Amino acid sequence: MKTLLLNKNEIDIAADIIKKGGIVAMPTETVYGLAADALNGEAVAKIFKAKGRPMDNPLIVHISDIKQIDMLVAEFSDKAKKLAEKFWPGPLTIVLPKSDIIPDEVSAGLSTVAIRFPSHPIAHELIAKSSPIAAPSANLSGSPSPTTVRHVLADMDGRIDAIIDGGDCEVGVESTVITLTEDVPTLLRPGGVTLEQLRAEIGEVKVHPAVLKSLGKGMKASSPGMKYKHYSPKAEVILLRGSEQGFCEYIKENSDDKTAVLCYEEEKDSFKNYIVLGKRDDEVAHAHRLFTCLREADEDGYTRIYAHCPRAEGIGLAVYNRILRAAAFNVIEV
Ligand code: AMP
Ligand code: MG
């Protein structure tokens, strides 16, 4: 298949492809998404094939108008309305009971559907000109999510109908996912909208144990995506937890030419091979750069990456959740 590269003035072409049952990578404010008509099960199935995604991992449905929600969900509760009013359009996904028009391919057979209203103007226009769009991240299943067109091309060229170039994605990590279908609202995936912001809006919000830990045997995944090893570059990622001195000493003793350090701007002079994640206290920059840095390590031929264990608060929680999975939960105390 030849993959068309489109620009922001060619969204009509992309909308036509979607309406005819094709699949298109689109920029959003979080990461690039791989879009299909959410109401067309056959089109949605192509997403799973292109990504090599397990069929039991459901997709998020993206809307461009709050009015679209009535046909997609069985119930739009008061808490859901509060969250929507505060955080949409933006990087928040809300899991709700689904309506009958959601194809099984989207919900992976669950009785719920995940809904997001993105703020990116290109995503907005594409949805408005076609239909509600089902989209996961536009990467091969398991690899770091794409935050630039270059990343999408690396994974998807020849596998999808088109890519719309929208430059770099602003947030850099996927949306926050909260479910309102359990007794207490539960955070399933941290992202650009923080846990602290959610609690300020609707009160109690639980954190699903899988956000910070590996799912133990017999533990239920409320969000099927939690089951999989995720976001991983080819290089092995190892997290080091402890003081900066411990970090530097461990790396000095355990590195070779193929080892890179994912480090802060302020400490880069301590290392020979480094990739800068951002300034030490700039967690927004860490989220923005994380996936780019992981892909960069592969492009530069490194086979091992040492990284700091992030602070599990604010947007740092999203960085921690992603890098912990990229590292397959390999954390060393230093
Ligand atoms: P991605 O594929 O990277 O866009 O991630 C989508 C995430 O949303 C995955 O972790 C899914 O498991 C999760 N998700 C989608 N739909 C649902 C749902 N109905 N219930 C719980 N989690 C969901
Ligand atoms: Mg993904």
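Order of listing sets the numbers, starting from 1, for every ligand and every atom in it. Just so it is clear, the model here is predicted, and its values are computed rather than measured. All heavy atoms count here, side chains included; hydrogens, waters and symmetry mates do not.
Nearest protein heavy-atom contact of atom 3 (O) of ligand 1 is Ser137 OG, 3.3 Å. Remark: minimum distance from atom 2 (O) of ligand 1 to any protein heavy atom is reached at Arg53 NH1, 2.6 Å. The closest protein non-hydrogen atom to atom 22 (N) of ligand 1 is Ser223 OG, 2.9 Å. Among all non-hydrogen protein atoms, the one lying nearest atom 19 (N) of ligand 1 is Thr112 OG1, 3.0 Å. If you check which protein heavy atom lies closest to atom 5 (O) of ligand 1, you get Arg189 NH1, 2.9 Å. Regarding atom 4 (O) of ligand 1, its nearest protein heavy-atom neighbour is Pro136 CA, 3.2 Å. Shortest contact from atom 21 (C) of ligand 1 to any protein heavy atom: Ser222 O, 3.3 Å. When hydrogens are left out, the protein atom nearest atom 17 (C) of ligand 1 is Pro58 CG, 3.4 Å; that is the closest non-hydrogen contact.
Here Tyr231 pairs with Phe291 under the ring-ring contact (aromatic ring centres under 6.0 Å, His included) rule; sequence neighbours left out. Checked against ring-ring contact (aromatic ring centres under 6.0 Å, His included), Tyr264 has the following partners two or more places apart in sequence or in another chain: His286, His308.
Rounding to the nearest 0.5 Å gives a distance of 10.0 Å between CZ of Arg289 and CG of Asp168. Taking CD of Glu29 as the start and CD1 of Ile122 as the end, the distance is 12.0 Å to the nearest 0.5 Å. We find the CZ-NE2 distance between Arg189 and His208 to be 14.0 Å, quoted to the nearest 0.5 Å. Taken from CD1 in Ile23 to CD1 in Ile160, the straight-line distance is 6.0 Å, to the nearest 0.5 Å. One distance of note links CG of Leu195 with CG of Leu317; it measures 6.5 Å at 0.5 Å rounding.
Within the structure, the closest approach of Asn57 to ligand 1 falls below 4.0 Å when heavy atoms are considered. In this structure, Met226 falls outside the shell of residues with a heavy atom less than 4.0 angstrom from ligand 1.
Here side chain to side chain donor-acceptor pair (under 3.5 Å) pairs that include residues 71-81, with residues two or more places apart or in two chains, number zero.
Residues His120 and Gly166 approach most closely at NE2-O, 4.1 Å, considering heavy atoms.
In this structure, Tyr306 has its ring center no closer than 6.0 Å to that of Phe271.
A salt bridge links Glu174 with Arg322: the closest approach of a Lys/Arg side-chain nitrogen to an acidic carboxylate oxygen falls below 4.0 angstrom.
At a heavy-atom cutoff of 4.0 Å, ligand 1 is contacted by no atom of Lys98, backbone or side chain.
Each protein N/O/S atom under 2.8 Å from the Mg ion (ligand 2) was counted, for a total of 1.
Using a 4.0 Å cut-off to heavy atoms of Leu59, the atoms of ligand 1 that qualify are 15 (C), 16 (N).
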Step by step, would you call Glu299 with Arg295 a salt bridge (Lys or Arg N to Asp or Glu O under 4.0 Å)?
CA-CA 6 Å; Glu299 287 158 12; Arg295 283 179 180 260; over 6 Å; no

